[in-house]
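Notes for the one structure printed next.
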Amino acid sequence: MMGLFKGVQLGIDLGTRNLLVFLRGHGVVLNEPAVVAVDKRSNTLLAIGTDAQRMLGRTPGNIVAFRPLKGGVIADYELAQQMILGFMKRIKKYIGFSKPSVLIGVPWGITAVEQRAVYDAIKQSEAKKITLIYEPLAAAIGAKLDVMKASGFMIVDIGGGTTEVAVISLGGLVLCKSIRVAGDDFDDAIIQHCRRAYNLLIGERMAEQIKITLGSAYPLKEEMYMEVSGRDLMTGLPKTFKMSSYEIRDALSELCVAILSAIRLTLEQTPPELSSDIMQKGILLTGGGALLLGLVDYLESEIGLPVSLVDDPISAVAYGTGDVLERKYKVQHMSSVLAS
């Protein structure tokens with residue numbers, strides 16, 4: 001099994017919001033938004049990645065820009081396949097015409113049907129060998145945890161579509177809980193708050209900007225404000241409001257409680273020996289959703305255990321696949337292989 005990966009080797013984090021590609025010997029060679037833009041009249045793909053993201057909410061009627069992955073898995077197979085093929089073409093300068101071996105991170109909560117969809121989409125890119133690894137495990141490796149030790153670690157991976165709480169020991173997942181609450185839901189909650197409180201319709205890009213600027217899970221030392229623009233649902237005219245960080249925090253509170261509940265449930269079901277390890281080492285947060293301001297303080301205050309954020313939460317899964325490809329860990333303990 002240690003010879004599983006031969007020739008050109010790629011690690012892929014196929015995230016709901018971003019797609020990252022790690023090339024052995026080069027590091028992360030691609031980090032782009034997982035967005036596509038399509039012409040509905042001709043059913044043709046116009047743009048992917050950053051180019052497509054710029055079109056979100058700004059396209060004419062015949063052009064639609066959206067993400068073909070939802071909840072951490074493929075929602076639109078054909079467009080996801082075209083997006084992956086497009087990204088693979090962008091890294092041709094690194095791999096030439098080689099057929100790479102691919103290690104791809106997938107959510108722990110993925111179903112067999114969803115797993116097959118991911119496999120088939122990657123297979124179309126002429127991959128030679130496809131191996132799957134659960135994202136919480138890859139993230140822990142990317143965070144430089146010594147997952148092969150007979151010691152317990154807890155990692156909370158908050159992505160765009162899912163939050164997964166995992167207890168890891170001896171190179172495997174001892175326990176894992178997956179909920180479909182994550183960064184996308186933060187954005188949706190902000191959109192709904194603007195609609196209810198101000199009769200204001202805002203788009204995805206504005207919601208994300210509000211989340212980054214004002215979003216928080218714990219009271220801030222100094223509350224922040226920003227001007228928010230959208231369309232008045234009563235008049236249909238453009239409208240601007242000043243919003244505060246404390247009202248956005250209130251809008252996100254139920255989602256933060258859902259993540260907290262998943263962590264508590266996992267801790268309750270963790271074997272006592274591993275619980276003592278986690279008490280000493282604390283809980284590690286990764287994934288783009290973990291960047292929500294005050295989330296570390298909120299979880300620490302509610303759980304009573306140390307909580308910390310990894311150095312590069314967005315890229316942890318990609319770097320974890322890279323460490324596996326570079327044979328720093330024994331692959332047979334961690335990856336599930338589908339026959340190519």
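Numbering starts at 1 and runs along the sequence shown.
Between Ile190 and Leu252 the shortest side-chain heavy-atom distance falls below 4.5 Å. At a threshold of 4.5 Å between non-hydrogen side-chain atoms, the residues Val165 and Ile259 do not count as touching. With contacts defined as side-chain heavy-atom distances shorter than 4.5 Å, the pair Leu295/Leu309 does not qualify. The shortest distance between side-chain heavy atoms of Cys176 and Tyr134 does not fall below 4.5 Å. Counting only heavy atoms from C-beta outward, the side chains of Gln209 and Met206 approach each other to under 4.5 Å. The shortest distance between side-chain heavy atoms of Leu214 and Glu247 does not fall below 4.5 Å. Ile248 is listed as a side-chain neighbour of His193, based on a closest heavy-atom distance under 4.5 Å. Put simply, the side chain of Gln82 does not reach to within 4.5 Å of the side chain of Val38, judged on heavy atoms.
Annotation for Asp311: atom CG does not count as buried by contact number, only 12 or fewer foreign heavy atoms lying within 6.0 Å. The number of heavy atoms from other shown groups lying within 6.0 Å of CD (Glu254) does not exceed 12. Atom NZ of Lys93 is surrounded by 12 or fewer heavy atoms from other residues, nucleotides or ligands within 6.0 Å. Heavy atoms of other residues, nucleotides or ligands lying less than 6.0 angstrom from CE of Met279 number 12 at most.
A side chain to side chain contact (heavy atoms under 4.5 Å, CB included) with Leu137 is found for one member of Leu145, Asp157, Val317, Leu173 and no other, namely Leu173.
Leu14 CG to Ile84 CD1: the interatomic distance, rounded to the nearest 0.5 Å, is 5.0 Å. One finds the CG atom of Leu260 at 12.0 Å from the OG atom of Ser253 (value rounded to the nearest 0.5 Å). Note that CG of Asn199 is 6.0 Å distant from NZ of Lys239, once rounded to the nearest 0.5 Å. In this structure, Ile191 CD1 and Phe186 CZ are separated by 14.0 Å, a value rounded to the nearest 0.5 Å. From Ser244, atom OG reaches atom CG of Asp250 across 9.5 Å, with rounding to the nearest 0.5 Å. Between Leu132 atom CG and Ile12 atom CD1 the span is 11.0 Å, to the nearest 0.5 Å.
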Report all side-chain donor-acceptor pairs from residues 104-111 shorter than 3.5 Å, counting only partners two or more places apart or in another chain.
from, atom 1, to, atom 2, distance (Å)
Thr111, OG1, Glu114, N, 3.1
Thr111, OG1, Glu114, OE1, 3.3

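Using modelled atom types, no side-chain atom of Thr213 and backbone atom of Ile210 make a donor-acceptor pair closer than 3.5 Å. Proximity of a side-chain donor or acceptor of Glu300 to a complementary backbone N or O of Pro306 within less than 3.5 Å is not detected. Distance alone, capped at 3.5 Å, is enough to place a donor-acceptor pair between the Thr163 side chain and the Val181 backbone. Using modelled atom types, one side-chain atom of Arg205 and one backbone atom of Gln53 make a donor-acceptor pair closer than 3.5 Å. Between the side chain of Thr286 and the backbone N or O of Pro313 there is at least one donor-acceptor pair closer than 3.5 Å. No side-chain donor-acceptor contact under 3.5 Å links Arg195 to the backbone of Leu233.
Taking both residues in full, the closest heavy atoms of Ile133 and Val324 are given as CD1-CG2, 4.1 Å, listed atom of the first, atom of the second, then distance. Closest non-hydrogen pair, Gly161 versus Thr16, comes out as N-OG1, 3.5 Å. Closest heavy-atom contact between Ala207 and Asp187: CB-O, 3.7 Å. Nearest approach of Pro136 to Ile155, heavy atoms of both residues: O-CG2, 3.7 Å. Smallest separation of non-hydrogen atoms from Asp146 and Phe153: O-CE1, 3.4 Å. Shown here for Gln269 and Lys177, the closest heavy-atom pair between the two residues is OE1-NZ, 2.8 Å.
Note on ring orientation: taking the six-membered ring where Trp is involved, the planes of Tyr198 and Phe241 are tilted (angle from 30° to 60°).
Checked by atom type, the side-chain pair Gln9/Ser101 shows no donor-acceptor distance below 3.5 Å.
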Run the numbers on Lys144 and Asp323 for salt bridge (charged side-chain N to carboxylate O under 4.0 Å, His left out), then give the verdict. CA-CA 9 Å; Lys144 306 304 179 187; Asp323 281 350; 3.0 Å; yes
Verify salt bridge (charged side-chain N to carboxylate O under 4.0 Å, His left out) between Asp184 and Arg17, making sure each step is shown before the conclusion. CA-CA 8 Å; Asp184 285 353; Arg17 284 187 170 271; 3.0 Å; yes
